[in-house]
Novice: 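After the C-alpha cells below, expect a handful of questions from me.
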Protein chains: 4
Amino acid sequence: MNGMDFAGVHAPIPTPFDGGGALDLEKFKTLFPRWLKTPLAGFVVLGSTGEAVLVDEEESAAVIAAARDLVPRNRHFIVGTGRESTQAAVRAARGAAGLGADAVLVRTPGFFKPQMTTDALVRHYTTVADESPVPVLLYNFTAMTGVNLQADAVAVLSRHPNVIGVKESGGDVGQIADLVAATPREFQVLAGSAGTFLPALSVGVRGGILALACVLPEACCRLYVLARDGRSEEALNRQQQLLGIARLIGTKYGVPGLKAAMQIAGADAGMPRAPLKPVPEAVVQTLRGALAAFEEVVHESPA
Amino acid sequence: MNGMDFAGVHAPIPTPFDGGGALDLEKFKTLFPRWLKTPLAGFVVLGSTGEAVLVDEEESAAVIAAARDLVPRNRHFIVGTGRESTQAAVRAARGAAGLGADAVLVRTPGFFKPQMTTDALVRHYTTVADESPVPVLLYNFTAMTGVNLQADAVAVLSRHPNVIGVKESGGDVGQIADLVAATPREFQVLAGSAGTFLPALSVGVRGGILALACVLPEACCRLYVLARDGRSEEALNRQQQLLGIARLIGTKYGVPGLKAAMQIAGADAGMPRAPLKPVPEAVVQTLRGALAAFEEVVHESPA
Amino acid sequence: MNGMDFAGVHAPIPTPFDGGGALDLEKFKTLFPRWLKTPLAGFVVLGSTGEAVLVDEEESAAVIAAARDLVPRNRHFIVGTGRESTQAAVRAARGAAGLGADAVLVRTPGFFKPQMTTDALVRHYTTVADESPVPVLLYNFTAMTGVNLQADAVAVLSRHPNVIGVKESGGDVGQIADLVAATPREFQVLAGSAGTFLPALSVGVRGGILALACVLPEACCRLYVLARDGRSEEALNRQQQLLGIARLIGTKYGVPGLKAAMQIAGADAGMPRAPLKPVPEAVVQTLRGALAAFEEVVHESPA
Amino acid sequence: MNGMDFAGVHAPIPTPFDGGGALDLEKFKTLFPRWLKTPLAGFVVLGSTGEAVLVDEEESAAVIAAARDLVPRNRHFIVGTGRESTQAAVRAARGAAGLGADAVLVRTPGFFKPQMTTDALVRHYTTVADESPVPVLLYNFTAMTGVNLQADAVAVLSRHPNVIGVKESGGDVGQIADLVAATPREFQVLAGSAGTFLPALSVGVRGGILALACVLPEACCRLYVLARDGRSEEALNRQQQLLGIARLIGTKYGVPGLKAAMQIAGADAGMPRAPLKPVPEAVVQTLRGALAAFEEVVHESPA
C-alpha cells in the first residue's frame with residue numbers, strides 16, 4: 001500500500017475561473033480553510049470535477065503548485081493526470097509528482113472507444129505506472145468517457161506494485177462489488193458517486209472521492225463513519241438525506257451545478273469554463289431548496 | 001400493507017418443459033419439498049424466470065393451480081400476471097386471484113417503448129390495481145423490457161391502496177435508493193438481483209425475489225439475515241461468495257443457466273422452451289465449478 | 001421467389017378499437033376503399049402498427065378473416081405472426097395461412113434479449129419456416145424489441161426455401177446495405193422506415209412496408225417510382241417533403257400518432273388500445289400543420 | 001459559400017508515428033504523391049483519423065506546416081482543430097489559419113456529455129466561428145465523442161456567415177437527411193462514413209471526408225461520380241464492393257486498421273500512437289483478403 005490508506009472521504013476540488021474564463025487562483029485558495037476544519041481525508045485537484053480537460057498544461061502546473069501549498073501533509077494530495085495518449089499521461093504524472101503530488105488519479109483514455117479493450121487499457125496503465133514516480137490510482141468514469149474499465153483489467157493492474165487503487169465513479173454498485181472481489185484486500189477501491197456511497201461501502205469500498213464533499217464535507221464524512229461503525233439505520237437515513245442533492249450536482253447539472261451549490265453554501269469556486277456555463281437561476285433555486293431541506297432535516301434528526 | 005410483509009427472500013420458480021417443449025407439471029411438483037425445508041418467505045410463479053412470455057393462457061392457469069396446492073399458507077404465493085395490454089393484464093390478475101394467488105407481480109408493458117411514459121405507466125397500473133382482487137406488486141425489469149419504471153411513477157402508484165410494493169430487478173442500486181426515498185415506509189421495495197442484494201438491503205429494500213434462491217435458498221436467506229442483523233463484515237463475505245454464481249445465472253446465461261444450475265444442485269426444472277435452449281456443456285462445467293467453489297468456501301468459513 | 005415480388009410500397013394497417021378498448025371491425029372495413037384506389041402493392045395486418053401485441057388470439061383471427069375479404073387477390077396480403085415462443089409463432093403462422101394469408105411477417109422474439117443470439121434466431125426462424133404453409137418474411141424492429149437480427153443470421157436464413165425476405169424497420173441504412181450485400185439477389189429486403197426510404201432504395205431494397213403509406217399512400221408510391229426511375233433530384237425533394245411527417249408518426253408518436261394523422265386525413269382508424277392512449281390535442285395540431293405543409297408544397301411543386 | 005465547394009471526396013490523412021511513438025514527418029510526406037494523381041478534392045489533417053487527440057500542440061503545428069507545403073492550392077486543405085474548451089478551440093483555429101489552413105473542421109467537445117445541450121453547442125461554435133480567421137466546418141462524430149450535434153443546432157449555426165458546412169461521421173442516414181432538410185441549399189453537408197456514402201448522397205450530401213479514400217481514393221471518387229450522374233445500378237454495385245473494407249477500417253479496427261490497410265496498399269503511414277496499437281497479424285490478413293477481393297471484383301466489372 002506504499003503507506004497510503006484512502007479510507008474516508010476525499011474532496012475533488014473544482015478549478016475556479018473568472019467571468020472571462022481565466023484561471024482564478026485567488027478564489028482557489030479561499031476554498032481550503034473551511035475544508036481543513038473537517039475530517040476530509042484528502043483532496044484531488046484536476047479531476048473531472050476540476051474541469052481538467054478544459055485546463056491547459058501550463059495552467060495545470062499552476063493549479064498543482066498552488067494546491068501543494070494549501071494541502072497539509074497529513075491529508076492526501078492527489079492530482080488528476082489522465083491524458084488521451086500514453087506518453088502524455090506519463091508526462092503529466094511525472095510533472096505532478098515533481099510538483100509534490102502524493103498520488104496521481106489517471107482517467108482512462110476515452111476517444112478511440114472501440115479500441116480501448118482490456119488489453120489496451122492494461123498496456124496504457126502499465127506504462128503509466130512503470131513511469132510514474134508516485135503511486136497510481138486508476139480512474140473509471142464511463143458516463144464521461146464512454147469507456148468502461150472493468151474488473152478483469154483492474155485485477156491484472158492491481159498486481160502492479162505502483163497501482164494502489166481505483167476510483168469508480170459510476171453508480172453501478174454491482175461493478176464496484178466485482179472490483180472488490182477481483183482485487184487483493186489491500187487494493188483500494190474508492191467510490192465516486194455520493195448517491196450510492198452507502199451501498200458501495202456495504203460491498204467493501206474503502207472510501208470515496210465525492211464531489212458532494214466539496215459542499216457538505218461533514219455530512220459525507222459522517223455517512224462514512226456511520227457505515228463503518230455498522231450503524232445501518234442511521235447510515236441509511238443520512239444517505240437518503242443526501243440523495244437529492246447528490247443527484248442534482250451529479251450527472252444532472254454536473255460541475256456548473258456543483259459550483260452553484262458551493263456558492264450557496266458560502267464557498268466561491270468561480271465560474272465554469274466554456275463550453276460549460278453557469279446553471280440558470282431556476283436551477284440555483286432548486287439547489288437552494290435542496291440544501292435548505294437538507295439542513296432542516298439534519299437539524300431535526302442529526303444522524 | 002394488507003397484512004402482507006415481504007421481508008426476507010422469495011424464490012421465482014422456473015417453469016419446467018420436457019424435451020418436446022410441453023409443460024411438465026410433474027417435474028414442477030418435485031421442486032418444492034427441498035425449498036419448503038428452508039426459510040424462504042414465499043414463491044413467485046410465472047415471473048420472468050418462469051418464462052411467462054413463452055407460456056400460453058391455458059398453461060398459465062395449470063401452473064398456478066398446481067403451485068397453489070404446493071405452497072403452504074404460511075408462505076407468500078405470488079403470481080406474475082404482466083401483459084402488454086391493460087385489459088389482458090386485468091384479466092390475468094383476476095384469473096390468478098381466482099386460482100388463489102396472494103398477490104400479483106405485474107411487469108411493465110414493454111413493446112411500445114417510446115410511449116411508455118410515466119403517465120402511461122401510471123394509468124396502466126392504476127387500472128390493474130383498481131380491478132385486481134388481490135394486492136399488486138409493480139415489477140420493473142428494464143434489461144428485458146427496455147422500459148424503466150422510475151421513482152416518480154412508483155411514488156404516485158404507492159398511494160394506491162391496492163399497490164403494496166415494487167420489485168426492481170435491475171442492479172442500479174441508486175435507482176433502488178430513489179424508490180425507497182420516494183415511497184412511504186410501509187411500501188415494500190424488493191430487489192430482484194442477487195449480485196446486488198446486500199447493497200440493495202443497505203439502502204432499505206425489505207427483501208428480495210432472487211432467481212439464485214432457487215439454487216441456493218439457504219445462502220440467500222443467510223445473506224438477508226446477516227444484513228438485517230448488522231453483521232456487515234459477514235454479510236459482505238457472503239455477498240462476495242455469491243457474486244460469481246449470481247452473475248452466471250443472471251443476465252449472462254439467464255433462465256437456461258438457472259435451469260442448468262438447479263440440475264447440478266439436484267433439482268430438475270426441465271428444459272427451457274424455444275427459442276431458449278439449454279446452455280452448452282461448457283457452460284454447465286463453468287456453473288459446476290462455480291457451485292463447487294461456493295460450497296467449498298462456505299464449508300471453510302460458514303458466514 | 002415463390003412467385004411473390006414485394007416491389008413497391010405496402011401499408012401496415014392499424015387495428016381500430018372503440019372508446020372502450022373493443023376491437024372495431026366496422027371501422028376496419030371503412031379503411032380499405034381509399035387505399036384500393038392507389039398503387040399500393042399490398043397490405044400487412046397485425047404488424048407492430050396493428051398493435052399486434054395488444055390483440056389476443058381470437059381477435060387476431062377475426063382481423064385476419066375480415067382483411068382477407070377486403071384485400072383483392074392482385075395485392076399482397078401479409079399477416080404479422082411473430083410470437084415470443086417458437087411454438088406459438090408456428091401456431092400463428094398456420095392459423096394465418098388457414099385464413100388466407102399470402103405470407104407471414106415474423107417479428108423476432110424480444111423478451112430474453114441476451115439469449116437471442118444469431119444461433120437462437122436462426123433456430124427460431126428455421127422452425128417457423130419449416131412449419132409455415134406460406135412464405136415467411138423475417139422482421140427486425142430493434143427499437144421495439146431490443147433485439148437486432150443482423151446480416152449474418154439473415155444470410156443463413158435466406159437460403160431456406162420458405163424464407164423470401166426481410167423487413168428491416170430501423171433507420172440504420174448501413175445495416176440495410178449489409179442485408180442486401182449478404183443475401184441473394186432474389187431475396188427481398190424491405191424497408192420499414194419512411195424517413196429513410198430513399199436512401200434504403202439507393203442501397204437496394206426492393207420496396208417498403210411504411211406506416212406513412214396509411215396516411216399518404218400516393219406520395220409514398222410516388223417516391224418509390226421516382227427512385228426506381230433514377231430521377232434522383234425529384235426523389236430527393238419528395239423524401240425531404242415526407243421527412244417531417246415520417247418522423248412524427250414514427251418513433252416519436254408511434255401508433256397513436258399514426259391514428260391521429262389518419263383521422264386528419266379523413267380515415268378513421270379508431271383509438272389505440274391501453275396502455276397506448278390517443279395523442280394530446282397539441283400533437284394533433286402539430287400533425288395537422290405538418291400534413292397541411294406537405295399538401296401545400298406538393299401542390300406547388302408536384303414531384 | 002466563401003468560394004469553397006466541398007463537392008467530391010476528401011481524404012482525412014493519418015498521422016504517422018515511428019516505433020517509439022515519435023511523430024514521423026518523413027513518412028507523412030511520402031503519402032501525398034499517389035493521392036495527388038487522383039481526383040481527390042482535398043485533404044484533412046488532424047481529424048479523428050489523424051489521431052488528433054494523441055498529438056500535442058507543438059506537434060500539431062509541425063503537421064500543419066508540413067501538410068501546407070504538400071497540398072496544392074487547387075485542392076482543399078482542411079485542419080481539424082476541435083478542442084474540449086472553447087478558448088482552446090479558438091486558439092487552435094487561429095493557429096491553423098496562421099499556418100495556411102483553408103478551413104477548419106471542429107469536432108464537438110465530448111467530455112461533459114450531459115451539459116453539451118443544443119444551446120451549449122451553439123454557443124461554443126458561435127464563439128469559434130466568430131474568432132476563426134478561416135471558414136468553419138462543424139464536425140459530429142457521436143461514436144467517438146458520445147455527443148450528438150443534431151439538426152436543430154446545425155440549423156441555427158448554418159446562418160453564421162463563417163460556418164460553411166458540417167461533417168457527419170455517423171451512419172445514421174436519417175439524421176443526415178435531417179441536416180440537409182434543416183439547412184440552406186448552399187450549406188454543405190458532408191458524409192464521414194464510406195459504408196453509407198451512397199445513401200448519404202441520395203439524401204443530398206455534397207461530398208464526403210472518407211478514411212477509406214486514403215486506401216482506395218479512385219474507387220471512392222468513382223462512387224461519388226456514379227451517384228452524381230444518376231447511374232444508380234453502377235453506384236449500388238460500387239457501394240456494395242466497398243462495404244466490407246469500409247466496415248473493417250471504420251469503427252471495427254479504426255485508425256490501426258486504416259494504417260494496416262494503407263500499408264497493404266503500398267502507403268506507409270507508420271504506427272498508431274499508444275494507447276492505440278497495430279492490429280494483430282490476423283486482422284492484417286483479413287484486410288489483405290478484403291482488399292484483394294475488392295481488386296478482383298473491380299477488375300471483372302469495373303463499375
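First the proteins, then the strands, lettered A, B, ... as listed; each starts at 1. Below, all heavy atoms of this structure are taken into account, side chains as well, without hydrogens, waters or symmetry copies.
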Novice: If you define the side chain from C-beta out and look only at heavy atoms, does anything of A/M116 sit under 4.5 Å from D/L276?
Specialist: yes
Novice: Which residues, numbered in order, of residues 54-61 of chain D come under 4.5 angstrom of chain A by heavy-atom distance?
Specialist: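 Checking residues 54-61 of chain D against chain A gives D/L54, D/D56, D/E59.
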Novice: Output the option from D/A120, D/S48, D/P272 having the highest count of non-hydrogen pairs under 4.5 Å with chain A.
Specialist: D/S48
Novice: Could you give all pairs that pass the salt bridge (Lys or Arg N to Asp or Glu O under 4.0 Å) test and reach residues 246-263 of chain D, with sequence neighbours left out?
Specialist: C/D178-D/R247, D/E51-D/K259
Novice: Select one option (side chain, backbone, both, neither) describing which atoms of D/A88 are under 4.5 Å from chain A's heavy atoms.
Specialist: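 Contact with chain A: none, neither part.
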Novice: Picking from A/G257, A/S85, A/P109, A/P275, which has the most non-hydrogen pairs under 4.5 angstrom with chain D?
Specialist: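 Going by pairs under 4.5 Å, I would pick A/P275.
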Novice: Side chain, backbone, both or neither: which part of A/T127 has a heavy atom under 4.5 Å from chain D?
Specialist: neither
Novice: Using only non-hydrogen atoms and a strict under-4.5 angstrom cutoff, which residues of residues 142-158 of chain D touch chain A?
Specialist: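 From residues 142-158 of chain D, the residues near chain A are D/A143, D/M144, D/T145.
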Novice: What I'd like to find out is whether the side chain of A/F112 reaches to under 4.5 Å of the side chain of D/P256, using heavy atoms alone.
Specialist: no
Novice: Out of curiosity, D/F111 CZ to A/F111 CZ, how far, rounded to the nearest 0.5 Å?
Specialist: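 One finds 14.0 Å between CZ of D/F111 and CZ of A/F111.
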Novice: Quick test of your reading: applying salt bridge (Lys or Arg N to Asp or Glu O under 4.0 Å), list the pairs with at least one residue in residues 276-290 of chain D, sequence neighbours left out, ordered by first then second residue.
Specialist: A/D119-D/K277
